[in-house]
There are 2 protein chains.
Amino acid sequence: MNLLDIGAVSRHSGIPPSTLRYYEEIGLIQSVGRHGLRRQFDTPVLTQLALISLGKLAGFSLDDIKGMFAGDGSPQLPRPELHQRADMLDQQIKGLTRLRDALRHVADCPAETHMDCPKFKRLMEFASRTANRR
Amino acid sequence: MNLLDIGAVSRHSGIPPSTLRYYEEIGLIQSVGRHGLRRQFDTPVLTQLALISLGKLAGFSLDDIKGMFAGDGSPQLPRPELHQRADMLDQQIKGLTRLRDALRHVADCPAETHMDCPKFKRLMEFASRTANRR
DNA sequence: GGTTGACCTCAAGTTGACTTGAAGTGGCAG
DNA sequence: CTGCCACTTCAAGTCAACTTGAGGTCAACC
């Protein structure tokens, strides 16, 4: 059996042991046993943690994430809901892309006052329409 | 002068008055005066709030955002830093895109056990490499 | 077989971002 | 001129997501 104790999981995932214990406590991950006192995890937990990090990056709460994946890390949601989540992500990606473009633009645009730059203004109009809601 | 009182700003931006007061308290936005007790804002504050929402969406803290834009909403950062922020956003966008693709894939893939699906596994490997760090 | 060090539990503390509540104010419609 | 109601302040509360600290345990190495 390929078991990792909590320290190894922490080293591989970059997530502190305290957080791993917390995640177990709230039911986000599961340990498969103990070695003495030490929690042992199965290797797939690493995939699960990657998924969790990605989900957090996407702005989902731990509770959301808990709902998305079954205990073993495999996604467990009705298809329409998955598509809905994907659509939400699309919205967010669009917003981020806009913000990135705005940032790059102001980094490169020689205009002294960006608020007067038509390109920047256009970006900001998009922003106003896209932002908000979460 | 095109002044809006806090209620109007709230209505236009979708942000509750309590939050607007809070944003002013921490110096993220500024009111330009009072009408009686009521805060009056200049219309550009709406653009600023859109920017703030976008920044939050991007996962920046209010403090980060405060550092990015001057009080009037115009970006005020050294160019290299702006590019660096934009690069961070690119990373994040890539991660989200991956997550979105993974979500859509499992929504459509007929495989019963996603963890065995090569396409899903490939997505997850990317995920492991990309995730973490914030 | 003693020391070490990485783990353990459980309660309490922290941080960021707000929200809520109590008590007060002031412009304006009637 | 009297209400009303949307605002005001200020302190305290809330929630998620962790982290910290005190005090304890145990497998493994010397």
Side-chain angles (χ1 to χ4, degrees), chain A residues 1 3-42 45-46 48-69 92 95 131-134, chain B residues 1 3-42 45 48-69 92 131-134:
Chain A
M1 305 277 187
L3 297 185
L4 303 167
D5 76 24
I6 196 175
V9 173
S10 174
R11 254 172 284 115
H12 280 86
S13 65
I15 297 171
S18 63
T19 305
L20 294 174
R21 279 189 287 271
Y22 173 67
Y23 283 178
E24 189 183 13
E25 193 184 320
I26 63 173
L28 207 52
I29 58 174
Q30 274 119 43
S31 56
V32 293
R34 297 285 178 123
H35 174 59
L37 284 182
R38 294 165 198 209
R39 285 160 179 78
Q40 303 281 126
F41 292 93
D42 238 333
V45 85
L46 294 174
Q48 236 179 304
L49 288 170
L51 232 23
I52 291 168
S53 298
L54 227 39
K56 283 183 35 177
L57 199 63
F60 293 110
S61 71
L62 295 184
D63 225 62
D64 284 342
I65 295 171
K66 196 169 146 189
M68 285 185 211
F69 306 104
Q92 197 176 344
N132 294 338
R133 216 50 4 220
R134 159 142 223 90
Chain B
M1 305 278 187
L3 298 183
L4 303 167
D5 75 25
I6 197 174
V9 173
S10 175
R11 254 170 284 116
H12 280 86
S13 65
I15 297 171
S18 63
T19 305
L20 295 173
R21 279 190 286 272
Y22 173 66
Y23 283 178
E24 189 183 13
E25 192 184 320
I26 64 172
L28 206 51
I29 58 175
Q30 273 119 45
S31 55
V32 293
R34 296 286 176 121
H35 174 60
L37 284 181
R38 292 164 200 208
R39 284 161 180 79
Q40 304 280 128
F41 292 93
D42 237 333
V45 84
Q48 235 179 304
L49 288 170
L51 230 23
I52 291 169
S53 299
L54 227 38
K56 283 183 36 177
L57 201 63
F60 292 111
S61 70
L62 295 184
D63 224 64
D64 285 341
I65 295 171
K66 196 168 146 191
M68 286 185 208
F69 307 102
Q92 198 176 342
N132 295 336
R133 216 49 6 219
R134 157 141 222 94

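Proteins come first, then strands; the chains are lettered A, B, ... in the order of their sequence lines, and each starts at number 1.
- Taking every heavy atom of both residues into account, B/Gln40 and B/Leu3 meet most closely at NE2-CB, 3.5 Å.
- When each of B/Leu62 and B/Gly36 is assigned the nucleotide of DNA chain C with its nearest heavy atom, B/Leu62 is the one assigned upstream, toward the 5' end.
- The CZ atom of B/Arg34 sits 8.5 Å away from atom CD1 of B/Ile6, with the distance rounded to the nearest 0.5 Å.
- The side chain of B/Ser18 contributes no N or O atom lying less than 4.0 Å from OP1 or OP2 of C/dC18.
- Side-chain N/O atoms of B/Lys66 include none lying less than 4.0 angstrom from OP1 or OP2 on C/dG16.
- Rounded to an integer number of Å, the gap from CG of B/Leu20 to C1' of C/dA17 is 14 Å.
- Residue A/His35 places at least one side-chain N or O closer than 4.0 Å to OP1 or OP2 of D/dA28.
- Here D/dA17 presents its C1' atom at 14 Å from CG of A/Asp64, a figure rounded to the nearest Å.
- Separating the NZ atom of B/Lys56 from the C1' atom of C/dG16 is a distance of 11 Å, rounded to the nearest angstrom.
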Could you pull out the protein-nucleic contacts involving nucleotides 7-9 of chain C (nitrogen or oxygen on both sides, under 3.5 Å)?
{"unit_1": "C/dC7", "atom_1": "OP1", "unit_2": "A/Gly7", "atom_2": "N", "d": "3.0"}
{"unit_1": "C/dC8", "atom_1": "OP1", "unit_2": "A/Arg39", "atom_2": "N", "d": "2.8"}
{"unit_1": "C/dC8", "atom_1": "OP1", "unit_2": "A/Arg39", "atom_2": "NH1", "d": "2.7"}
{"unit_1": "C/dC8", "atom_1": "OP2", "unit_2": "A/Arg21", "atom_2": "NH1", "d": "2.3"}
{"unit_1": "C/dC8", "atom_1": "O5'", "unit_2": "A/Arg39", "atom_2": "NH1", "d": "3.3"}
{"unit_1": "C/dC8", "atom_1": "O3'", "unit_2": "A/Arg34", "atom_2": "NH1", "d": "3.3"}
{"unit_1": "C/dT9", "atom_1": "OP1", "unit_2": "A/Arg34", "atom_2": "NH2", "d": "3.0"}
{"unit_1": "C/dT9", "atom_1": "OP1", "unit_2": "A/Arg39", "atom_2": "NH2", "d": "3.4"}
{"unit_1": "C/dT9", "atom_1": "OP2", "unit_2": "A/Arg39", "atom_2": "NH1", "d": "3.0"}
{"unit_1": "C/dT9", "atom_1": "OP2", "unit_2": "A/Arg39", "atom_2": "NH2", "d": "2.7"}

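- Distance, B/Glu24 CD to C/dA17 C1': 17 Å, rounded to whole Å.
- Atom CD of residue A/Gln30 and atom CD of residue A/Glu24 lie 7.5 Å apart, to the nearest 0.5 angstrom.
- The nearest whole Å value for the distance from the CD1 atom in B/Ile15 to the P atom in C/dC18 is 8 Å.
- The CD1 atom of B/Ile65 sits 14 Å away from the P atom of C/dG16 (whole-angstrom rounding).
- Here the P atom of nucleotide D/dA27 and the CD atom of A/Gln40 are 11 Å apart, to the nearest Å.
- Note that CG of B/Asp5 is 11.5 Å distant from OG of B/Ser31, once rounded to the nearest 0.5 Å.
- Summarising the geometry, atom CG belonging to A/Asp63 is positioned 10.5 Å from atom CE belonging to A/Met68; distances are rounded to the nearest 0.5 Å.
- Taking all atoms of both residues into account, the shortest heavy-atom contact from A/Ile52 to A/Leu28 is CD1-CG, 3.7 Å.
- In terms of phosphate contacts, A/Tyr23 brings a side-chain nitrogen or oxygen within less than 4.0 Å of OP1 or OP2 of D/dC18.
- Contact annotation: A/Thr19 side-chain N/O to D/dC18 OP1/OP2 distance is not under 4.0 Å.
- Without hydrogens or angle criteria, B/Ser53 side chain to B/Leu49 main chain gives a donor-acceptor distance under 3.5 Å.
- To the nearest angstrom, P of D/dT19 lies 10 Å from OH of A/Tyr22.
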